[in-house]
Amino acid sequence: MATIGEIKKELENIRPEERLLFIERYKEDGRSGVQKLVASCRNGILKEEKEAARLEKMLAYEKKYGERYEYICGIDEAGRGPLAGPVVAGAVILPKGLKIPYLNDSKQLSEKRREALYDQIMASAVAVGVGIVSPEWIDEINILQATYEAMRQAVESLDPKPQILLNDAVIIPGIHLPQEKIIKGDAKSLSIAAASVIAKVTRDRMMKAYHEMFPEYGFDKHKGYGSREHIEAIQKLGPCPIHRRSFLTHFI
């Protein structure tokens, strides 16, 4: 009879297609430790089934347009609300039917998960585009127009060019392509979710680099958002070159 340690090692090294056999093999074993391993195996199967169903649901818009268009592009932004730093847009064309496990709205993901998904998206996407608009330009044209500009930049940088855009909650002016505005699209479309990860990781990396230039503001932690520590630093030190002056009227 195998020891519990040996059975645990077996489960750790098992292939997905062997899990049902594992459950069948040990389901009658009376040892509580073995039954915990069997339950863990069952839970793993259920978790993967649930994730597969979620991913299938998030391909609804891509399937809606898949017969008419080859290149379907998801678009999202990061950084509309912060007091400092740029606004960044991502645009992503994924291969048809591609399912990247755990890809979701970037705000729902840990930093570690976002970084891993970023690498997966960059490796597997048909095309990835990024647009960046500076704090100075945000102050000049306002954050909404700056967001549109970042999105246009991201779309224009794509190769191949998209045939339809799936946008998170906006219609982008100045782009002569079919567009679908999807409220909370980063949680409803895998293409938009991918764009949200690209935008978020790109911007977070930029803010960490800015932290090296202006360490007293803590950009590596709050990424420019209006945390209590950030506001206190602004009031004590005044704004630095990457602050959005038009966002600071209530604080200075």
Side-chain angles (χ1 to χ4, degrees), residues 1-67 72 74 76 78 90 92-128 166 168 182 184-205 207-208 220-223:
M1 179 182 291
T3 67
I4 293 175
E6 289 170 338
I7 297 171
K8 181 179 180 182
K9 187 173 182 180
E10 179 184 345
L11 179 58
E12 289 172 349
N13 295 311
I14 203 168
R15 294 195 299 268
E17 63 271 19
E18 298 173 332
R19 290 178 300 186
L20 290 176
L21 290 174
F22 176 92
I23 292 170
E24 188 65 26
R25 185 180 303 126
Y26 295 111
K27 69 180 183 180
E28 303 297 337
D29 193 306
R31 292 171 289 179
S32 62
V34 175
Q35 289 309 302
K36 287 180 181 178
L37 294 173
V38 171
S40 175
C41 188
R42 285 199 182 100
N43 289 337
I45 293 173
L46 291 173
K47 183 179 178 181
E48 289 190 6
E49 289 176 346
K50 183 177 180 181
E51 175 63 9
R54 186 189 69 85
L55 291 172
E56 185 66 24
K57 187 175 181 180
M58 286 187 71
L59 283 174
Y61 288 94
E62 286 79 358
K63 288 183 177 181
K64 175 181 176 180
Y65 294 109
E67 291 187 4
I72 299 168
D76 200 4
V92 178
I93 302 173
L94 294 175
K96 283 188 177 181
L98 177 67
K99 298 176 182 178
I100 301 178
Y102 308 110
L103 178 57
N104 202 348
D105 169 11
S106 63
K107 297 185 292 297
Q108 304 299 318
L109 304 169
S110 68
E111 181 177 2
K112 182 178 180 181
R113 177 80 77 184
R114 283 196 301 267
E115 288 283 349
L117 287 168
Y118 177 95
D119 291 339
Q120 288 181 264
I121 294 162
M122 295 299 293
S124 58
V126 174
V128 175
L166 305 179
D168 184 36
I182 305 171
K184 296 184 178 179
D186 45 10
K188 296 178 181 177
S189 159
L190 279 183
S191 300
I192 298 177
S196 78
V197 169
I198 294 298
K200 174 67 173 167
V201 171
T202 299
R203 188 179 187 280
D204 282 358
R205 291 177 179 179
M207 296 309 294
K208 288 179 181 179
D220 60 327
K221 296 182 178 66
H222 53 67
K223 308 302 188 296

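One-based numbering along the sequence shown.
From Asp76, atom CG reaches atom NZ of Lys107 across 6.5 Å, with rounding to the nearest 0.5 Å. Rounding to the nearest 0.5 Å places CD of Glu48 at 11.5 Å from CG of Asn43. Of the inter-residue distances, the one linking Ser196 atom OG with Leu103 atom CG reads 7.0 Å to the nearest 0.5 angstrom. Going from atom CG of Asp186 over to atom CD of Gln108 covers 8.0 Å, rounded to the nearest 0.5 Å. Rounded to the nearest 0.5 angstrom, Leu166 CG and Lys64 NZ are separated by 9.0 Å. Between Leu20 atom CG and Arg42 atom CZ the span is 10.0 Å, to the nearest 0.5 Å.
Remark: Asp204 engages Lys200 in a salt bridge, criterion side-chain N to carboxylate O under 4.0 Å. Salt bridge annotation for Arg19-Glu24: absent, with no cationic side-chain nitrogen under 4.0 angstrom from a carboxylate oxygen. The pair Arg25-Glu10 meets the salt-bridge criterion, since a charged nitrogen lies less than 4.0 angstrom from a carboxylate oxygen.
For an aromatic pair to be called close, the ring centres must be under 6.0 Å apart, and Tyr65 with Tyr61 fails this.
The closest side-chain heavy-atom distance from Lys57 to Lys188 is not below 4.5 Å. The closest side-chain heavy-atom distance from Arg54 to Asn104 is below 4.5 Å. Under the 4.5 Å side-chain criterion, counting only non-hydrogen atoms from C-beta, Leu55 is not in contact with Leu59. With a 4.5 Å cut-off on side-chain heavy atoms, Met207 and Asp220 do not count as touching. At a threshold of 4.5 Å between non-hydrogen side-chain atoms, the residues Arg31 and Ile7 count as touching.
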Donor-acceptor pairs are to be reported for all side-chain atoms of residues 113-128 against protein atoms at under 3.5 Å, with residues two or more places apart or in another chain.
unit_1 : atom_1 : unit_2 : atom_2 : d
Arg114 : NH1    : Ser106 : O      : 3.2
Arg114 : NH1    : Leu109 : O      : 2.8
Glu115 : OE1    : Arg205 : NH2    : 2.6
Ser124 : OG     : Gln120 : O      : 2.7

Just distance, no hydrogens or angles: give the donor-acceptor pairs under 3.5 Å from side chains in residues 92-102, sequence neighbours left out.
unit_1 : atom_1 : unit_2 : atom_2 : d
Lys96  : NZ     : Gly66  : O      : 2.4
Lys96  : NZ     : Tyr69  : O      : 3.0
Lys99  : NZ     : Glu56  : OE1    : 2.5

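Residue Gly90 comes nearest to Ala199 through the heavy atom pair N-CB, 3.7 Å, listed as atom of the first residue, atom of the second, then distance. Of all non-hydrogen atoms in Arg203 and Ala78, the two that sit nearest each other are CD-O, 3.4 Å. The minimum heavy-atom distance linking Glu62 with Ser189 is given by the pair OE2-OG, 2.7 Å. Taking all atoms of both residues into account, the shortest heavy-atom contact from Gln35 to Asp29 is NE2-O, 2.6 Å.
Atom NZ of Lys8 sits in a sparse spot, with 12 or fewer heavy atoms from other residues, nucleotides or ligands closer than 6.0 Å.
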